[in-house]
Structure formats: structure tokens, C-alpha cells
Amino acid sequence: MPRVVDHEARRREITDAVRRVIVSGGLAAVTFQTVAAEAGISVRLVQYYFGTKKEFLLATHQSVMYDAGTRFTQRMATHSGGTSPRQIIRMVLTELLPLDEQRRQEAIVLGAFNTAAIAGQGITADETLTAPRALVAIIADQLGKAGHAGRPPEHAELDAELVLATIAGIAQGMLPGHYTAQTAVELVDRLLDLTLAPTSGIEPDTRAPGTT
């Protein structure tokens, strides 16, 4: 009998190989040949599942975000319904930090995609925005449930963007050793202290510098 092929498993095998090539040599090192060699399969088989390099790059980006989402979901499943919004936000943010080897590799891959988008290397920011937009929605929703520190509801999305931008900077700073894992987690807690702290009720000055 012919062997039944698990196509999703084969696609994952290829995107895992793409990750390893990026980690070891950067996005520029990714070709059909290098990915096939890393996966231990033929170039033709890689081409069968992904017709273009861009297809397997975007699939790789999606797989990284899927893994982070799966870990978060699994962590949530171990908590009771009494989990506070702050705890949920903290779980999301720590899953984005390279606190172990898997997450370190994911941070390198995501950093490579960001660099490619900035440099115009075939991947645009719009093509990788789905997952970040979903994260913003999750954080904004939890900020709203936390009462958002007395701020107007419309500020929740802006603060969620700010929180995630800060976490991205911390994650990239951990890669060359600017931050230790302990410091990074302390920064997350400090960020949440500041974000969820009550406001004075005074609206911030949003005018451009130099205006009156």
C-alpha cells in the first residue's frame, strides 16, 4: 500500500528548516537549496509545497506566531477563571520574550523579518501584520477589563501598541545579552506597573514639539 503522507507535517518540517537556516545564517541564507538540505529532502519537494521563496517565508512567520499563541493558550488552560487581566497580559508578554532556546530562535526569526521589511527585501510589514494586530486586540481587551487605570477606553489600543513595542525592544535586547532573563521579566512587571497605574485625570500634552 502507498504510504500516506501527512502534508501539514511535511509543511511544518520545511518551515522548521527555514527557521534553523535563518537562525544560523540570517534571511539572506534562505534559498530552496539551503532549506532542502537542512530538512533533508529534495529541492523539488520544497517547491511542491511552496511554489515561491516568499510563500515558505510567510508560512514560517505564521508558524512562529502560531507556536507562541499555542503556548499562551496552554498556559491559560492551567489557570482558573479567576485569572486577572494583569496576569493574562503578563503571560502574553513573557511568551514573546526569548526566555528559552525555542523562544530565542523565534525572536531571531521575527527580528530577521522586521529587518527584511525595513530594507525592502521582498517581505513587507503588511504581510506580517495579522498576528501583531491580534496581539494588540488581546492586550487592549485586557486593559479594558482592568479598568485601564482610569483612562478613556479609546486609549486602550494605543497603550497596547506601546506595551508590545516595548516588549519587542526588550526581546531584541536580550539576544546580544543587553538584558538577562531576570532583568527582562523585571522590566515586564515594571511596564505593567506603569501601564496600569491610576492616572491623575489630566490629559497628556499631545501637541507637536515647538507648538503652543
Side-chain angles (χ1 to χ4, degrees), residues 12 14-31 34-35 37-39 56-76 78 86-125 127-136 138-139 142-143 158-197:
R12 181 56 191 249
I14 293 170
T15 57
D16 282 351
V18 176
R19 293 193 202 193
R20 294 193 295 273
V21 172
I22 293 174
V23 169
S24 62
L27 209 61
V30 179
T31 66
T34 58
V35 171
E38 180 65 34
F56 66 60
L57 284 176
L58 291 177
T60 300
H61 184 276
Q62 291 167 3
S63 74
V64 169
M65 300 309 297
Y66 174 82
D67 285 353
T70 299
R71 289 195 304 268
F72 167 67
T73 301
Q74 290 172 342
R75 288 184 65 183
M76 279 297 298
T78 65
R86 179 186 174 117
Q87 289 173 313
I88 293 174
I89 295 171
R90 191 179 189 275
M91 281 190 280
V92 172
L93 300 184
T94 52
E95 283 304 332
L96 299 175
L97 295 177
L99 297 173
D100 53 34
E101 183 57 27
Q102 179 180 355
R103 282 179 283 182
R104 176 183 172 276
Q105 292 184 8
E106 290 173 353
I108 293 173
V109 172
L110 294 177
F113 275 93
N114 289 337
T115 300
I118 293 170
Q121 297 175 343
I123 300 293
T124 67
E127 291 169 321
T128 57
L129 275 178
T130 300
R133 294 256 57 82
L135 285 172
V136 168
I138 291 171
I139 300 298
Q142 293 303 317
L143 287 174
L158 281 176
D159 281 356
E161 292 274 15
L162 182 59
V163 166
L164 287 170
T166 304
I167 292 303
I170 295 171
Q172 291 303 308
M174 289 179 68
L175 295 178
H178 294 322
Y179 303 122
T180 65
Q182 179 179 343
T183 300
V185 173
E186 290 173 352
L187 288 171
V188 169
D189 288 327
R190 180 59 178 156
L191 176 62
L192 291 176
D193 288 342
L194 295 172
T195 303
L196 297 173

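Note that the structure is predicted; figures quoted are calculated from it, not measured.
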Begin from the C-alpha positions of Leu135 and Leu96 and carry the test side-chain contact (heavy atoms from CB on, under 4.5 Å) through to its verdict. CA-CA 10 Å; Leu135 285 172; Leu96 299 175; 4.2 Å; yes

Between Thr115 and Leu27, is a side-chain contact (heavy atoms from CB on, under 4.5 Å) present by the stated rule, with each step listed? CA-CA 9 Å; Thr115 300; Leu27 209 61; over 6 Å; no

Side chains of Asp193 and Arg86: closer than 4.5 Å at any heavy-atom pair? yes

What's the separation between atom OG1 in Thr15 and atom CD1 in Ile22, rounded to the nearest 0.5 Å? 10.0 Å

Approximate separation, where rounding is to 0.5 Å, of Leu192 CG and Leu187 CG: 11.0 Å

Do NZ/NE/NH1/NH2 and the carboxylate oxygens of Glu95 and Arg90 come within less than 4.0 Å? no

Do NZ/NE/NH1/NH2 and the carboxylate oxygens of Arg19 and Asp67 come within less than 4.0 Å? yes

Nearest-0.5 Å distance, CD1 of residue Ile89 to CG of residue Leu191: 9.5 Å

Please name the pair of heavy atoms, one in Val21 and one in Ala29, separated by the smallest distance, quoted to 0.1 Å. CG1-O, 3.6 Å

At their closest point, which heavy atom of Val92 faces which heavy atom of Phe72, and how far apart are they? CG2-CE1, 3.3 Å

Rounded distance [0.5 Å steps], CE in Met91 versus CD in Gln142: 8.5 Å

Set out, in order, the CA-CA distance, both residues' side-chain angles and the distance that settles side-chain contact (heavy atoms from CB on, under 4.5 Å) for Thr60 and Val30, then state yes or no. CA-CA 12 Å; Thr60 300; Val30 179; over 6 Å; no

Going through the checks in order, is the side-chain contact (heavy atoms from CB on, under 4.5 Å) test met by Ile167 and Thr94? CA-CA 9 Å; Ile167 292 303; Thr94 52; over 6 Å; no

In terms of heavy-atom contacts, Phe56 and Val18 come closest through CD1-CG2, 3.7 Å

Distance-minimising heavy-atom pair for Val136 and Ala160: O-CB, 3.6 Å

Rounded at 0.5 Å granularity, tell me how far OG1 in Thr183 sits from CE in Met174. 9.0 Å

What I want to find out is whether Arg20 reaches Asp16 closely enough, with some N-O distance under 4.0 Å, to be called a salt bridge. no

Is a donor on one side and an acceptor on the other found under 3.5 Å between the side chain of Gln172 and the backbone of Ala107? yes

Check whether any side-chain heavy atom of Leu110 sits under 4.5 Å from a side-chain heavy atom of Met65, and report yes or no. yes

Euclidean distance, Arg71 CZ relative to Arg103 CZ, rounded to 0.5 Å: 5.5 Å

Arg104/Glu101 salt bridge by N-O under 4.0 Å criterion: yes

Quick one, Leu164 and Leu93 - any side-chain contact, counting heavy atoms below 4.5 Å? yes

